[in-house]
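Here the structure is laid out as structure tokens; the discussion comes afterwards.
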Protein chains: 2
Amino acid sequence: MTTSIEPTAPASASPSRRELNKAATRQAITEAALSLLRSRGPGSFTVEDIADAAGISRRTFFNYFGSTDAALASVTHGFLDNAIQQFRLRPADEPILQSAQAALMALADPMTVAPLAELFSLTQQSSLMSHSELEAWDHCREQITTVARERAAGTPGAADELYLRAFAGSVISCGKAAMEVWFARRGADLSPASLAELRQLLIDAMALLGSGFATVQPPSSSSSDSRSS
Amino acid sequence: MTTSIEPTAPASASPSRRELNKAATRQAITEAALSLLRSRGPGSFTVEDIADAAGISRRTFFNYFGSTDAALASVTHGFLDNAIQQFRLRPADEPILQSAQAALMALADPMTVAPLAELFSLTQQSSLMSHSELEAWDHCREQITTVARERAAGTPGAADELYLRAFAGSVISCGKAAMEVWFARRGADLSPASLAELRQLLIDAMALLGSGFATVQPPSSSSSDSRSS
DNA sequence: CCTGAAACTTGCCCAGGGTGCAAAGTTGCA
DNA sequence: TGCAACTTTGCACCCTGGGCAAGTTTCAGG
């Protein structure tokens, strides 16, 4: 019943009944999936379970998502789409690394990270992310590449394809690294102090990238104060 | 990693019949899979097809690999294991970025890249890598992290976890980027000139990483690179 | 209000992925 | 030679994923 703006919604001025129903169903599915993940843990429930919980048929589930993973990954997708949006908003003449950092900053906000943090905490047991999860991150990487390419088109000393791809991949990797470290330290802690630490980790990660991982250590000692829990 | 009795670790001096058979079967499976990939293209053959081609039962296939993807990804796994081995061989006091570059250099060799290049060319149609493929790269990333961590333990200004993870992820991303660009330019061309280009791309990618992606800045306004803090 | 078209849901069916189990076949060792 | 350990294989079973066609809902006119 909670109406919210979801991806795949065509135009914001399309309150047609059909669109509304679809969005609601989509929402119901991901919430059912999340709920099952919470109660039973990863890999221990089927598409049918989700469909039952969402009040739809198994077949309809597949009209919305290709797998349980995909349903769960919609959380990540939303998060990363948000990141890309932030990235796109940055002024085109800003150094791109700074744009990336700024975009990441906007994500270290309780409402935004909460779903992802929970998903992280519920699935972290399995060493590797699900296929759909990885797909989401890779999609984000491609978006970054695209935005970077658009910027490069406006500058004379245009960066080549290698630059764009290597840059986008590295940004994603550093962002992931920061989130992994944050999560390893704080679990699903969403307190202001914890979020501040996440923010600092993201800044540090971008700084590392910007300094070319110089062996002379950056002032990382400032950020990593509380090492153990 | 025991030294006395090794039931699972096939040491190089283990010409036991069992080990030999297993290795041969494994080989037969990946070759059958590769052959089918060549003749029919990705996604158009089943586990049973592979098993038939390899002269084993469907069930036995699953004793060796969890999926068709996994069978194919063993190629990537071999390639990346090789890379890690090269990386481990580098002197511990060498700058780590240079070690990474050197390790990558050793891979730009016909015999080594050929299988991966073919796999690339045969599966590139589908935008995203298979799950097992990604798993292989991620495993490599973890290995790099581990090696880097071991090195850091011996140096005074020890790098923290963020540094290690961000570094490893970025190296992998840059390596992937270089290979993608190479492949986009040359296809599966393995000529000396093409391999030289791959080598150069790898060098360039590492250089980009080492310089913090500082690019030739736009002429007008400030040419400040993002090297703050 | 009625009616037909378009969109959506659902049940049915089927090919294929993945796994536990136990019987049958191999290999290793005394 | 014969037993113990290991491997292969067929079998049964559940789950994924998608095509198809018959219902059901939404929407636009008459």
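Throughout, a chain's letter reflects where its sequence line sits, starting with A, and its residues are numbered from 1.
Across the protein-nucleic acid pair, A:Ile50 atom CD1 and D:dC15 atom C1' stand 12 Å apart, rounded to whole Å. Note: NZ (B:Lys22) to P (C:dT26) measures 17 Å, nearest angstrom. Residue B:Leu20 contributes atom CG, which lies 14 Å from atom P of D:dT7 at whole-angstrom precision. We find that CG of B:Asp49 is positioned 14 Å from P of C:dA15, with the value rounded to whole Å. Between the P atom of D:dG18 and the CD atom of A:Glu48 lies a distance of 17 Å, rounded to the nearest Å.
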Look for any protein N or O under 3.5 Å of an N or O in nucleotides 28-30 of chain C and output each such pair with its distance, or none.
| from | atom 1 | to | atom 2 | distance (Å) |
| --- | --- | --- | --- | --- |
| C:dG28 | OP1 | B:Arg17 | N | 2.8 |

Measure all distances between protein nitrogen or oxygen atoms and nitrogen or oxygen atoms of nucleotides 20-23 of chain C, and list the pairs falling under 3.5 Å.
| from | atom 1 | to | atom 2 | distance (Å) |
| --- | --- | --- | --- | --- |
| C:dG20 | N7 | B:Arg59 | NH2 | 3.0 |
| C:dG20 | O6 | B:Arg59 | NE | 2.7 |

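The base of C:dG16 is not paired with the side chain of B:Arg58 by any donor and acceptor separated by under 3.5 Å.
For B:Arg185 and A:Glu161, the salt-bridge test fails: no basic side-chain N is under 4.0 Å from an acidic carboxylate O.
Dashed line: the shortest gap from a side-chain N or O of A:Asn21 to OP1 or OP2 of D:dT26 is under 4.0 Å.
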Test salt bridge (Lys or Arg N to Asp or Glu O under 4.0 Å) applied to B:Asp52 and B:Arg58, step by step: CA-CA 8 Å; B:Asp52 282 352; B:Arg58 190 182 102 93; over 6 Å; no
Worked check of side chain to side chain contact (heavy atoms under 4.5 Å, CB included) between B:Thr30 and B:Leu72: CA-CA 6 Å; B:Thr30 67; B:Leu72 259 5; over 6 Å; no
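Applying the ring pair (Phe, Tyr, Trp, His ring centres under 6.0 Å) test to A:Phe61 and every residue at least two apart in sequence or in another chain returns nothing. A search for side chain to side chain contact (heavy atoms under 4.5 Å, CB included) contacts involving B:Arg26 returns B:Tyr64, B:Phe65, not counting sequence neighbours.
No hydrogens or angles considered: nothing links the side chains of B:Asp81 and B:Gln85 as a donor-acceptor pair under 3.5 Å. In this model, a donor atom of one side chain and an acceptor atom of the other lie less than 3.5 Å apart for B:Ser173 and A:Ser173. Under the 3.5 Å distance criterion, with hydrogens and angles disregarded, a donor-acceptor pair is assigned to the side chains of A:Thr112 and A:Asp109. B:Ser191 and B:Ser194 form no side-chain donor-acceptor contact under 3.5 Å, judged by distance and modelled atom types alone.
The shortest distance between side-chain heavy atoms of A:Gln101 and A:Leu97 does not fall below 4.5 Å. The side-chain heavy atoms of B:Leu80 and B:His139, taken from C-beta on, include no pair separated by under 4.5 Å. The closest side-chain heavy-atom distance from A:Gln86 to A:Leu104 is not below 4.5 Å.
For the atom pair A:Tyr163 OH and B:Leu208 CG, the distance stands at 7.0 Å (nearest 0.5 Å).
Near DNA chain C, defined here as any heavy-atom distance below 4.0 Å, the residues from residues 60-72 of chain A are A:Thr60, A:Asn63, A:Tyr64, listed numerically. Within a heavy-atom distance below 4.0 Å of DNA chain D, no residue of residues 24-39 of chain B is found.
Set against D:dT26, D:dG10, C:dT10, the side chain of A:Ile56 has C:dT10 as its closest nucleotide.
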